[in-house]
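Below is one structure, written out as structure tokens; comments come after it.
Quick caveat, the model's predicted, so the values are computed rather than measured. Note that ligands are numbered from 1 as they come in the structure, with each ligand's atoms numbered from 1 the same way.
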Amino acid sequence: MTTKRIVFTGGGSAGHVTPNMAIINELGHEWDISYIGSKEGIEKELIEKMAIPYNGIHSGKLRRYFDLENVSDLFKVLKGCFEARQILKKLKPAVVFSKGGFVTVPVVIAAKSLGIPVYIHESDITPGLANKIAQRFSTRIFTSFKEAKQYFPDKKTKVAGSPIRKALLFGSATKGREVLGLKEPLPIITIMGGSLGAKKINEAVRESLPQITAQYQVVHLCGKNQLDPLLSNHPRYRQYEYVHDELADILAATDLVVTRGGSNAIFEFLALKIPMIIIPLGRDQSRGDQILNAKSFQDKGYSITLEENDLTNENLVKTIEKVFKDKEKFQSKMRESSNQDALQVIIQELNKMQ
Ligand SMILES: CC(=O)N[C@H]1[C@@H](OP(=O)(O)OP(=O)(O)OC[C@H]2O[C@@H](n3ccc(=O)[nH]c3=O)[C@H](O)[C@@H]2O)O[C@H](CO)[C@@H](O)[C@@H]1O
């Protein structure tokens, strides 16, 4: 059996890393795997935990508006291109798989300059700036959403769905309740404000805790440095900055999620048939991709959108009650969904490579 080499890249937030992790876990032994990410991004910790060789390069933030920092960031991108080229020259991979995030731009440019095929995956309905640039250098493009296909050249684009870490599909609810130490038979609501946490959601959840915990238990994935020490002994509330392998059991024990509209997270909840309240990141803080993700899921009957501007304690509690009451309806719509097995689609295409 000949060994083929693949280099993954993606970073900046977990959503640009977890799909890579899902694919890495499913690749067979004929693949030799390496990773290129930023020197200090979340991808470094996540990938090193998997014992995959990790190469850190410089990366700069790309902005659509003028800022003096653009100049120093441009130098960082150029430095990153040089570093990525050196790494790729040494590794000589058969393909580079790029998931998005600023760090991928120098990597795909370097790959293209060395004649290495570049595959990219876009998780959102509208492409992020990094993938908008990367797609010009790419050989093959995969998308999670059907609606995203229109933004890419038809010939090289395929709607694959969202690659989900397989372990998430095999969690145990009993183990989840045990790990959490939640012993009461009350339903569990998990709050996930994206991989970095969401300050506004954290505040609203914590202020509404007396009402919410009257009927439910709460697991709060609140993001780095956002734990609230005053709540560490609450009998019906558990908080974590970020969870790794425990997530599968926690989600198996979860009856409802309150979440940001990050694409990977919501496709995971869809796969697990967990009804969602999606509070998308607004246009004032992003390009509005989460608003479109949330609309697409709401239109299909998988979730209810709660706009951040309408996020009052009262609305949050009311929406939780409403979604909980209609839980079966949301789940039956999710069961009807024809979300194909993205992992298989992507792995089959990679395996075709020489
Ligand atoms: C602020 C921002 O720019 N957000 C973007 C970012 O979101 P973000 O990084 O938050 O991405 P997603 O919600 O798509 O994915 C988060 C991932 O982290 C995992 N997770 C999260 C918390 C935790 O404790 N443990 C854990 O494993 C989730 O299971 C999921 O796989 O990338 C997404 C995919 O391009 C975009 O849709 C979002 O708009």
Side-chain angles (χ1 to χ4, degrees), residues 10-23 25 41-43 45-47 49-50 61-62 98-104 120-132 134 142-145 147-148 162-169 171 179-180 190-202 219-224 226-227 238-252 254 257-272 274 276 278-297 308 342:
S13 74
H16 294 135
V17 191
T18 54
N20 281 342
M21 294 164 73
I23 301 168
N25 276 331
I42 188 169
E43 62 271 24
E45 188 196 338
L46 294 177
I47 297 300
K49 259 188 195 300
M50 299 177 82
K61 193 167 160 58
L62 305 167
S98 170
K99 197 41 223 87
F102 304 129
V103 72
T104 63
I120 67 173
H121 183 280
E122 175 54 61
S123 298
D124 296 300
I125 291 183
T126 56
L129 187 52
N131 267 355
K132 262 192 179 161
F142 301 104
T143 67
S144 289
F145 285 94
E147 299 97 309
S162 181
I164 291 171
R165 290 165 290 168
K166 225 175 217 168
L168 286 186
L169 308 176
V179 168
L180 294 162
T190 293
I191 320 285
M192 189 193 274
S195 55
L196 309 172
K199 209 162 165 265
K200 278 206 178 154
I201 299 180
N202 290 352
V219 180
H220 194 171
L221 309 177
C222 59
K224 214 169 177 180
Q226 296 188 62
L227 295 171
R238 298 288 179 269
Q239 52 182 339
Y240 304 89
E241 289 189 330
Y242 188 91
V243 290
H244 296 272
D245 295 345
E246 312 86 334
L247 186 64
D249 294 330
I250 292 177
L251 292 182
T254 297
V257 287
V258 176
T259 176
R260 271 289 188 222
S263 160
N264 300 288
I266 62 176
F267 271 102
E268 290 165 1
F269 303 140
L270 169 61
L272 295 168
I274 310 175
M276 310 166 224
I278 303 182
I279 307 173
L281 199 65
R283 285 189 204 283
D284 49 336
Q285 304 162 75
S286 70
R287 66 179 190 280
D289 51 317
Q290 294 196 1
I291 296 174
L292 297 177
N293 295 350
K295 181 171 180 332
S296 169
F297 267 44
E308 195 163 279

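Evaluation of the salt bridge (charged side-chain N to carboxylate O under 4.0 Å, His left out) rule for R238 yields no partner, not counting sequence neighbours. The side chain to side chain donor-acceptor pair (under 3.5 Å) test applied to S296 returns E147, K300, not counting sequence neighbours. Every ring-ring contact (aromatic ring centres under 6.0 Å, His included) that H220 has, sequence neighbours left out, goes to Y237.
Closer than 4.0 angstrom to ligand 1 lie heavy atoms from S13, A14, G15, H16, T18, S123, D124, R165, M192, G194, S195, L221, Y242, V243, L247, G262, S263, N264, A265, E268, L281, D289, Q290, N293.
Using a 4.0 Å cut-off between charged side-chain N and carboxylate O, R165 and E268 make a salt bridge.
Side-chain contact check for Q239 and Q226: no donor-acceptor pair (N or O, by modelled atom type) lies under 3.5 Å.
The two residues F267 and S144 come nearest to each other via the heavy atoms CE1-CB, 3.8 Å.
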